[in-house]
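So the structure is just underneath, and the comments pick up after that.
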Amino acid sequence: MPHASPWFASPDGAAARLAEHGYLADAATATTAYLAGALEKPLLVEGPAGVGKTELAKAVARVTGAELVRLQCYEGLDEARALYEWNYKKQLLRIQSSGDQAWEQTHDDIFTEEFLLTRPLLTAIRREEPTVLLVDEVDKTDVEVEGLLLEVLSDFQVTIPELGTVAAVRRPFVVLTSNATRELSEAVKRRCLYLHLDYPDAEREREIVTGQVPDLDTRVAEQLVATVARLRDLDLRKAPSIAESVDWARTLVALEIGDLDEEAVAATLGVVLKHASDQDKAVRELKLARQPGPGRR
C-alpha cells in the first residue's frame, strides 16, 4: 500500500509552510518543491554560492519533520564514502576467531548486516521514515560518481553483491545542489526537476533579512540591501551570500548602528567580504574610508 505523501499539498501550501519556518520561497521555488514531492523526482538546484540552495533542503526537512541525510560532495569522493563499505577490521577479527570453520561459512558470516557500514545514499534509501536526501555541491565530484547517482536516482535501489538489491521502501525527497563549476551530464539532468536560484531582488532580500533580524531598523535594512547589491555587482572572488547579509544585519543591531554610512560599512565589511582583495576592491570602488587596523596605523 503506497504511503501518503508527507511533503506538500500544493505549491501555495509549500510556500506558506516554508515561510513559517523562515524560508521565503518565490513562486517557481515553491512550485518545484511541491512537484519534487508529488512526482517523487529528484530536484536539481543550481546557482551561485550563498543563494539558499542547501537551505531549501534543510527547510523542507524542518517543515515536514523529515530526517535530513546529507552527502557532501568533494573531489575524490568514491562509492565507499557515498554508498557503503564493509567494516574490514571487524570482519578480520571474526575471521581470526572462526578457528577451523569452513571458509564458505565464514564468508557467509562476515558479509551480513552486522558488518555493513552504510553511507548517506544507502542510509536514505533504507529509511522507512520520511527522509530528505541532500546531495550537496554535486558539481565538485568526479564524473564517475554521476554513474553511481544515476543508479540510485533512476530506480531508488542499490545492488550490494553480497546481500542483493536494496530497494527504497519510501522514496526520499532528493535535492541535488550545484554551483555550476562544471556541467553535469544530461543523463543526471534528465532524471531531475530543475530549479535555478539566483540572488533575490532587493525587496525579497529585505524581507528575508528583517524576518531573520526583526530588531533591525527599517531604514538600515534598506541601506544594507542596497549596499550588498552594489558589492555583488563588483567582480569579487566571493560575493556576499544571503546568510552573510543576515549576519551583517545582526552585526549592525549588536553595534547599535542606526545609519549604515560609509564609515559603518568600512568598519564592518569583514562580516560580508572574507577575502582581503575583495575588501580592497570594495573600499576602492565604493570609495570607503579604510579603517585603521594592525599594521595600518
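The figures here come from the full heavy-atom set of this structure, side chains too, leaving out hydrogens, waters and symmetry mates. All of these numbers come straight from a predicted model, not from anything done at the bench. FYI, the numbering just counts along the sequence from 1.
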(request) Verify side-chain contact (heavy atoms from CB on, under 4.5 Å) between R127 and E67, making sure each step is shown before the conclusion. (result) CA-CA 9 Å; R127 280 181 54 83; E67 182 79 17; 3.2 Å; yes

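- No donor-acceptor distance shorter than 3.5 angstrom exists from the side chain of R94 to the backbone of I110, with no hydrogens or angles considered.
- V145 is not listed as a side-chain neighbour of E75, based on a closest heavy-atom distance of 4.5 Å or more.
- Contact annotation: the side chain of F111 approaches that of Q91 to within less than 4.5 Å [non-hydrogen atoms, C-beta and beyond].
- The hydrophobic cluster containing L150 does not contain V143, counting ILVMFWY residues as joined when their side-chain heavy atoms lie under 4.5 angstrom apart, directly or transitively.
- The list of ring-ring contact (aromatic ring centres under 6.0 Å, His included) pairs with a residue in residues 179-199, not counting sequence neighbours, is empty.
- Summarising the geometry of L234 relative to A282, their closest heavy-atom pair is CD1-CA, 3.9 Å, with the distance given to 0.1 Å.
- Applying the ring-ring contact (aromatic ring centres under 6.0 Å, His included) test to pairs two or more places apart or on separate chains, none has a residue in residues 246-269.
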(request) Go through the steps for I160 and L83 under the test side-chain contact (heavy atoms from CB on, under 4.5 Å), then give the verdict. (result) CA-CA 10 Å; I160 303 174; L83 196 55; over 6 Å; no

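- In this structure, OG1 in T112 is found 5.0 Å from CD in E114, a value given to the nearest 0.5 Å.
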Please report, to 0.1 Å, the donor-acceptor pairs under 3.5 Å made by any side chain of residues 210-217, with sequence neighbours excluded.
| from | atom 1 | to | atom 2 | distance (Å) |
| --- | --- | --- | --- | --- |
| T210 | OG1 | R206 | O | 2.7 |
| T210 | OG1 | E207 | O | 3.4 |
| Q212 | NE2 | G22 | O | 3.4 |
| D217 | OD2 | R219 | N | 2.9 |
| D217 | OD2 | V220 | N | 3.3 |

Per-pair distances, 0.1 Å, donor-acceptor, side chain in residues 221-231, under 3.5 Å, sequence neighbours excluded:
| from | atom 1 | to | atom 2 | distance (Å) |
| --- | --- | --- | --- | --- |
| Q223 | OE1 | L260 | N | 2.8 |
| Q223 | NE2 | D259 | OD1 | 2.8 |
| T227 | OG1 | Q223 | O | 2.8 |

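- In this view, D136 and T54, R70, Q72, L134, T177 satisfy the side-chain contact (heavy atoms from CB on, under 4.5 Å) rule, not counting sequence neighbours.
- Closest approach of W86 to F115, counting heavy atoms only: CE3-O, 3.4 Å.
- Between L68 and R62 there is no side-chain heavy-atom pair separated by less than 4.5 Å.
- Listed by first and then second residue, the ring-ring contact (aromatic ring centres under 6.0 Å, His included) pairs that reach into residues 140-160 come to none, sequence neighbours excluded.
- In terms of hydrophobic clustering, with Ile, Leu, Val, Met, Phe, Trp and Tyr side chains grouped at heavy-atom distances under 4.5 Å, V188 and Y74 are assigned to different clusters.
- If you check the side chains of K53 and N179, you find a donor sitting under 3.5 Å from an acceptor.
- Under the salt bridge (charged side-chain N to carboxylate O under 4.0 Å, His left out) criterion, E46 pairs with no residue at all, not counting sequence neighbours.
- Inspection of the T29 and D26 side chains reveals an N or O donor paired with an N or O acceptor under 3.5 Å.
- Of all heavy-atom pairs between P48 and L197, the closest is CD-O, 3.5 Å.
- In terms of heavy-atom proximity, R204 sits nearest to P200 at CG-CB, 3.5 Å.
- Residues P130 and T64 fail the side-chain proximity criterion, which asks for heavy atoms closer than 4.5 Å.
- Within a 6.0 Å radius of NZ in K41, other residues, nucleotides and ligands contribute more than 12 heavy atoms.
- Without hydrogens or angle criteria, S154 side chain to E151 main chain gives no donor-acceptor distance under 3.5 Å.
- Partners of D278 by salt bridge (charged side-chain N to carboxylate O under 4.0 Å, His left out), not counting sequence neighbours: none found.
- Residues P240 and L273 are in side-chain contact: their nearest non-hydrogen atoms beyond the backbone lie under 4.5 Å apart.
- Hydrophobic clustering, with ILVMFWY side chains joined whenever heavy atoms are under 4.5 angstrom apart, groups L255 together with V265.
- Residues T118 and T123 have side chains that bring a donor and an acceptor to within less than 3.5 angstrom of each other.
- The shortest non-hydrogen separation linking A57 to V132 is O-CG1, 3.7 Å.
- Partners of R232 by salt bridge (charged side-chain N to carboxylate O under 4.0 Å, His left out), not counting sequence neighbours, listed by chain and number: E205.
- The closest donor-acceptor contact from the side chain of K281 to the backbone of D235 lies under 3.5 Å.
- By the salt bridge (charged side-chain N to carboxylate O under 4.0 Å, His left out) test, R119 is found to be paired with E85, residues two or more places apart in sequence or in another chain being considered.
- The hydrophobic cluster containing L56 also contains L35, counting ILVMFWY residues as joined when their side-chain heavy atoms lie under 4.5 angstrom apart, directly or transitively.
- Using a 4.5 Å heavy-atom cutoff, the side chains of E40 and F173 are not in contact.
- Note that CG of L236 and NZ of K274 are 13.0 Å apart. Values are rounded to the nearest 0.5 Å.
- Once rounded to the nearest 0.5 Å, the distance linking CG of L121 with CG of L148 reads 5.5 Å.
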Sequence neighbours left out, cut at 3.5 Å: what donor-acceptor pairs do the side chains of residues 9-18 make with other protein atoms?
| from | atom 1 | to | atom 2 | distance (Å) |
| --- | --- | --- | --- | --- |
| S10 | OG | G13 | N | 2.9 |
| R17 | NH1 | W7 | O | 2.8 |
| R17 | NH2 | V63 | O | 3.2 |

(request) Step by step, work out the side-chain contact (heavy atoms from CB on, under 4.5 Å) result for V158 and T165. (result) CA-CA 6 Å; V158 172; T165 299; over 6 Å; no

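- Side-chain contact between L176 and C192: present, with at least one pair of heavy atoms (C-beta onward) separated by less than 4.5 Å.
- L92 is not connected to Y88 by any chain of hydrophobic side-chain contacts under 4.5 Å among Ile, Leu, Val, Met, Phe, Trp and Tyr, and they are in different clusters.
- In this structure, CG on L71 lies 11.5 Å from CZ on R81, to the nearest 0.5 angstrom.
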(request) Start with the C-alpha gap between D280 and V283, add the side-chain angles, then the distance that decides, and say whether side-chain contact (heavy atoms from CB on, under 4.5 Å) holds. (result) CA-CA 5 Å; D280 288 340; V283 167; 5.7 Å; no

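- A donor-acceptor contact shorter than 3.5 Å is absent between the side chain of S97 and the backbone of I95.
- Interatomic distance, CG of D142 versus SG of C73, reported as 10.5 Å (0.5 Å rounding).
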(request) Please step through salt bridge (charged side-chain N to carboxylate O under 4.0 Å, His left out) for the pair E146 and R182, ending with a clear verdict. (result) CA-CA 12 Å; E146 290 191 20; R182 73 171 176 85; 2.7 Å; yes

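- Atom CG of residue D247 and atom CD1 of residue I242 lie 12.0 Å apart, to the nearest 0.5 angstrom.
- Contact check for V174 versus L43: no side-chain heavy atoms found under the 4.5 Å cut-off.
- The two atoms that bring L193 and A36 nearest to each other are CD1-N, 3.5 Å, heavy atoms only.
- Within the structure, salt bridge (Lys or Arg N to Asp or Glu O under 4.0 Å) contacts touching residues 188-198 (residues at least two apart or in different chains) are E183-K189.
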